[in-house]
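Each chain gets a letter, A, B and so on, in the order the sequences are listed, and its residues count up from 1.
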Number of protein chains: 2
Amino acid sequence: MPRLPTVTDVARAAGVSRQTVSNVLNSPEVVRPDTRERVERAIEALGYRPHASARRLRTRRSSTIGIRLDPFANGISGAVLDRYVHALTERAAERGLRVLLYTARSPEEEIEQLRSLIEGADVDAFVLTSTFRGDPRTGWLLEHDVPFATFGRPWDEDDVGTPRYPWVDVDGAAGTAAATEYALEQGARRVGFLGWPASSGTGDDRERGWRETLQAHGVPADGLRYTVEEDVPQARRAMTRVLSRDDPPDAVVCASDSLALGAHLAASDLGRSNLLVVGFDNTPVADALGFASVEQLPDQIAAGTLDLLMGSRSRAVDRARAAPRPAHLLVTPRLVRR
Amino acid sequence: MPRLPTVTDVARAAGVSRQTVSNVLNSPEVVRPDTRERVERAIEALGYRPHASARRLRTRRSSTIGIRLDPFANGISGAVLDRYVHALTERAAERGLRVLLYTARSPEEEIEQLRSLIEGADVDAFVLTSTFRGDPRTGWLLEHDVPFATFGRPWDEDDVGTPRYPWVDVDGAAGTAAATEYALEQGARRVGFLGWPASSGTGDDRERGWRETLQAHGVPADGLRYTVEEDVPQARRAMTRVLSRDDPPDAVVCASDSLALGAHLAASDLGRSNLLVVGFDNTPVADALGFASVEQLPDQIAAGTLDLLMGSRSRAVDRARAAPRPAHLLVTPRLVRR
DNA sequence: TTGTAAGCGTTATCAG
DNA sequence: CTGATAACGCTTACAA
């Protein structure tokens, strides 16, 4: 393989100086049109491609964002994060950014990775997923003045009002509200909600959409709130019990597709295939089994993340804290009916 | 944020020259122990971290490998590839490599990405997944002398015998053989195989393990080979028909967890919960529904991929075609009984 | 063993 | 608008 052409080669071929070539690439408007065209032809002819590392060294930006690939397969719903990473990679490429992966088994280990990646100038910014209450990562990043955004809202009390960093999240309540509306539309009179026990932010949010929608329609919710861990067999057993009672629900809105799968199986076990099940996350399982589910729209979330990180038109991460408005974005999910 | 320390800063702090610092980092054995220790203390004290881009520019290697994140969610089995990417990232980090993502909607677009990444010196090598017959990507990479390995064996006739590049794959036949043995052990007398129609390499491989195992046990396979597309509802319908016949199988080994899910549902529909179903890929669905499945061991595959790419102990991609032995590795999967 | 010098390919600065 | 010069931070000869 012959040596790759450099700006110098292009400059010689086009009969201009190196700088002019660089200008054509980075500030085309500053170069006279005919010169520019000549340079562009030379670039084309030589198959020139800027050397990423050299540019990074010079500009002191890597044009790369780091994201952690989650170790927990996260059960059935793991697919959501994967789709997000995919969408992020695609959208980032449109803006001239690359996506670099890292892994970590604990928050401490992750912070070590963050440090290593940022200090080695491998990345300009991070996208954090799966944020949790008391998350040490966000504090570390703020403290070290590293640009980042999170997919997942801040859960700490102080942050909810005036978050100190940009975040994107899905409006879970809107999702379950749509699911509940759908169930009512389909003629369900008793719409249950199958959610998680521990008061988690995400869980509360999703339950709220269901509860408020029933209220708005003047339909009672009493006794229709079922609680179970994020586990298919548990959900299946719980729903089997519920469906065997005197006054079973005729529809159930679920906080996840795992729970929905459990509900679907329970209904199937009991020959109650008329039970309307609505899931959350729109995983392949929902598609395969044919139950409706709330789609998180990873592509919109990804685009939003980048907007927050870079501003809506820029092609570089906002390094300057000049616009330190830690904005946020709540994406309204979409119900996929089946 | 103050300017990050450089080798020069460390050198000054340790009272040595820049080069000595570089030597401590890259060839420690060449520096006198006490000097080395002094330098190491200075590095620690300053929190020095080598600048990745500068090093890359100088050494002309990026210590990064590129991998495409597959656009097709790939249904239920998509999780396998995701686990592979995760394992690859983890193993690569152990060897001082990073993993950079890219996406593409078509092979042509992908080749454009390969070109851009390699010519921009963003990556040293690629890992290709989802190879197929007549794959234009491998040819392009060979032609341009770009190091790479594939997860998936070569499917083209010419390549199978003496492959022109290193590849890793899962021994599908061994997986279905183990599944079939398991079914027989559990007392099944009629063990069926649910696979895909079109003669795909992967599909044929997986069927072979089943067929050969039955032969070895002197058990007939006639009429026990069922065929269906990779689609849960189709598999469910097909198995419903099969189970309604006079001489239904009492176990069914499946070419994927999607098919297994279909089979499981069909059995459940008919109240035939004693049908032994074995899947392939060990996805979260198999776990959730409690059927056995063949686990591909992504971690081993990932480790093997890197061995092929770098040699088993090196920390750098074999750029030199000095050792151009395009080796390969067939990983024996493991049956997860449930 | 350590230091000196050069250069990887790019872009920023500033003169023409 | 264009071109010379100087970094960016690092490593690799080669010389001391």
Side-chain angles (χ1 to χ4, degrees), chain A residues 2-40 42-43 46-64 96 118-122 124 315-316 319, chain B residues 2-40 42-43 46-63 96 116 118-122 124 315-316 319:
Chain A
R3 194 177 54 81
L4 292 171
T6 73
V7 269
T8 310
D9 299 322
V10 175
R12 192 167 32 226
V16 300
S17 81
R18 275 208 316 258
Q19 260 30 49
T20 305
V21 178
S22 178
N23 283 337
V24 168
L25 260 35
N26 303 297
S27 335
E29 71 284 357
V30 96
V31 177
R32 208 189 320 145
D34 58 327
T35 312
R36 189 195 319 165
E37 204 182 319
R38 197 150 36 94
V39 171
E40 276 161 355
I43 287 176
L46 296 180
Y48 165 79
R49 191 92 43 165
H51 190 288
S53 292
R55 166 176 279 170
R56 295 209 253 263
L57 174 59
R58 182 62 237 221
T59 59
R60 316 183 115 277
R61 50 169 51 121
S62 66
S63 297
T64 302
I118 203 72
E119 291 185 349
D122 274 304
D124 292 336
R315 285 179 66 84
R319 177 79 220 173
Chain B
R3 192 178 55 80
L4 292 172
T6 74
V7 269
T8 310
D9 299 322
V10 175
R12 191 165 33 226
V16 299
S17 80
R18 275 210 316 261
Q19 276 43 37
T20 305
V21 178
S22 180
N23 284 336
V24 168
L25 259 36
N26 302 298
S27 334
E29 71 284 358
V30 94
V31 177
R32 207 189 320 147
D34 60 325
T35 313
R36 188 195 320 164
E37 203 182 321
R38 196 148 38 96
V39 171
E40 276 161 355
I43 288 176
L46 295 180
Y48 165 78
R49 192 90 46 163
H51 192 287
S53 291
R55 166 176 279 168
R56 295 208 252 265
L57 175 58
R58 184 59 235 232
T59 59
R60 315 183 118 276
R61 50 167 56 115
S62 66
S63 297
S116 160
I118 203 72
E119 290 185 350
D122 274 302
D124 292 335
R315 284 179 68 84
R319 178 78 219 172

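- Straight-line distance from the CG atom of B:Asp9 to the C1' atom of D:dC8: 13 Å, rounded to whole Å.
- Listed pair B:Ser22 / D:dT11 meets the phosphate criterion, a side-chain N or O lying under 4.0 Å from OP1 or OP2.
- Residue A:Arg55 places none of its side-chain N or O atoms closer than 4.0 Å to OP1 or OP2 of C:dG9.
- For A:Gln19, the listed nucleotide lying nearest its side chain is D:dG3; candidates were D:dG3, C:dG9, D:dC10.
- Here C:dT2 presents its P atom at 19 Å from CZ of B:Arg12, a figure rounded to the nearest Å.
- Nucleotide D:dT11 holds its P atom 12 Å from the NE2 atom of B:His51, rounded to whole Å.
- No hydrogens or angles were tested; on distance alone, nothing pairs the side chain of A:Arg58 with the base of C:dA12 as donor and acceptor under 3.5 Å.
- Rounded to a whole Å, the CG atom of A:Leu46 is 15 Å from the C1' atom of C:dG9.
- Within the 4.5 Å cutoff, side-chain heavy atoms of A:Arg12 are placed close to those of A:Asp9.
- At whole-Å resolution of the value, CG in A:Asn26 and P in D:dT2 are 15 Å apart.
- Remark: C1' of C:dG9 and CG of B:Asp122 are 14 Å apart, rounded to the nearest angstrom.
- For A:Gln19, the side-chain hydrogen bond (donor to acceptor under 3.5 Å, both in side chains) criterion is met by no residue, not counting sequence neighbours.
- Taking the side chain of A:Arg32 as heavy atoms from C-beta on, and the options C:dG7, C:dA5, D:dT2, the nearest nucleotide is D:dT2.
- There is a side-chain donor-acceptor pair under 3.5 Å between B:Ser62 and B:Asp124.
- Put simply, CG on B:Leu57 is 12 Å from P on C:dT11, counting in whole angstrom units.
- DNA chain D is contacted by both B:Val21 and A:Arg18; A:Arg18 maps to the nucleotide lying nearer its 5′ end (nearest heavy atom per residue).
- Among the heavy atoms of the strands, none lies under 4.0 Å from B:Arg56.
- Residues A:Asp34 and B:Asn23 each lie close to DNA chain D; by heavy-atom proximity, the contact nearer the 5' end of the strand is made by A:Asp34.
- Separating the CD atom of A:Glu29 from the P atom of D:dT2 is a distance of 13 Å, rounded to the nearest angstrom.
- No salt bridge links B:Arg49 with A:Asp122; every basic N to acidic carboxylate O contact stays at or beyond 4.0 Å.
- Between B:Thr20 and the phosphate of C:dG3, there is a side-chain N or O to OP1/OP2 separation shorter than 4.0 Å.
- Using a 4.0 Å heavy-atom distance criterion, B:Thr35 is classed as a sugar-phosphate-only contact.
- Using modelled atom types and a 3.5 Å distance limit, the side chains of A:Asn23 and A:Arg18 yield no donor-acceptor pair.
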